[in-house]
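Please read all numbers here as calculations on a predicted model, not as lab measurements.
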Amino acid sequence: MPDPVTATIDVPGAVLTYDVRGDLTTTEQPVLLMIGSPMGASGFPTLASHFTDRTVVTYDPRGVERSKRTDDGGELSPNDHAGDLAALIEALGTGPVDLFASSGGAVNALALMAQRPELVRRLVAHEPPLASLVSDHENALKVVEDMYQTYQRDGMGAGMAKFIAFVSYAGEIPADYTEQPAPDPAMFGLPTTDDGSRDDALLGQNLRGCTSYQPDLEALSKVKDKIVIGSGEESEGQLARRGGEAIAERLGLTPVLFPSNHGGFLGDEYGQPGKPAEFAVTLREALAN
């Protein structure tokens, strides 16, 4: 696969940076756009390497890595990201794209599909953490709020420790979850002191807007033939998988089981590899059906 070519696009409130692997002018198949949130383009080199026959585009969401915000900061919503994605796809100028979206990126992609479905040929939404749709949504969103307030009060280490513990929890969230002893940030190699910053892309900008998002089910039901919901085979009971299963049920879709876990497409990008080769095979099949 050729080295990525980097470009930028100005959107209201941000300058987005994206990378193109391949030739946008001679694409026989739709461009394959791979997105996460708050994960940026740095999470997708391994997965992209399994699609050398496609032109692959990755990007950094606003406020992440190279995509700088030019607004006053603050929290973001999936609708904000959907607007950015629409602008990016239009800037590519190649017509409807195939879209693989992971985690918060999958929530943002569902927002895009509800608003601008003509921009996407097929969406594979892998484990969108739609806490708003699970049966125990009140308890789940209470935990999210506690996580956010912990970050605002005590900083990144304390907030991220709670996040890591929460996303790996399997099963419905008990009402007394937030009353349990807080995890020690040092257990996860996180800082135990507060550096005073409050601009973390996950905890400060996207956490609450992503998990509380209410998808436009009426709009999505009209384009559900374009949507595939993916679940990690090792993620049973975890919130992100349950969120995906909840939206699939409401749309009358059967989730496709993907190898590994929530980050099953990863190589060594973050030191927690999944099964990227096997994941890519399933993704290729999902895009083709």
* **Exercise: do Ser135 and Glu172 side chains pair donor with acceptor under 3.5 Å** => yes
[X] [atom1]: over 12 foreign heavy atoms closer than 6.0 Å:
X	atom1	answer
Glu249	CD	no
Gln149	CD	yes
Glu75	CD	yes
Glu218	CD	no

* Structure fact -> Only one of Arg284, Arg121, Arg122, Lys226 passes salt bridge (Lys or Arg N to Asp or Glu O under 4.0 Å) with Asp98, and that residue is Arg121
* Asked: Got a sec, which residues hit salt bridge (charged side-chain N to carboxylate O under 4.0 Å, His left out) with Asp136, two or more places apart in sequence or on another chain?
  -> Arg242
* **Partner set under salt bridge (charged side-chain N to carboxylate O under 4.0 Å, His left out) for Arg62, not counting sequence neighbours** => Asp71, Asp84
* **Pairwise distance CE(Met147) to NZ(Lys142) - rounded to 0.5 angstrom** => 13.0 Å
* To do: To the nearest 0.5 angstrom, please state how far the OH atom of Tyr18 sits from the OG1 atom of Thr8.
  => 7.5 Å
* Test side-chain contact (heavy atoms from CB on, under 4.5 Å) on Tyr213 and Leu130 and set out the steps. => CA-CA 7 Å; Tyr213 178 68; Leu130 290 164; 4.1 Å; yes
* To do: Take His126 and Leu283 through the test side-chain contact (heavy atoms from CB on, under 4.5 Å) and record every step on the way to the result.
  => CA-CA 10 Å; His126 185 255; Leu283 176 57; over 6 Å; no
* Asked: Can you check whether Pro259's main-chain N or O pairs, donor with acceptor, with Lys275's side chain at less than 3.5 Å?
  -> no
* Asked: Does Arg54 reach the main-chain N or O of Gly22 with its side chain, forming a donor-acceptor pair under 3.5 Å?
  -> no
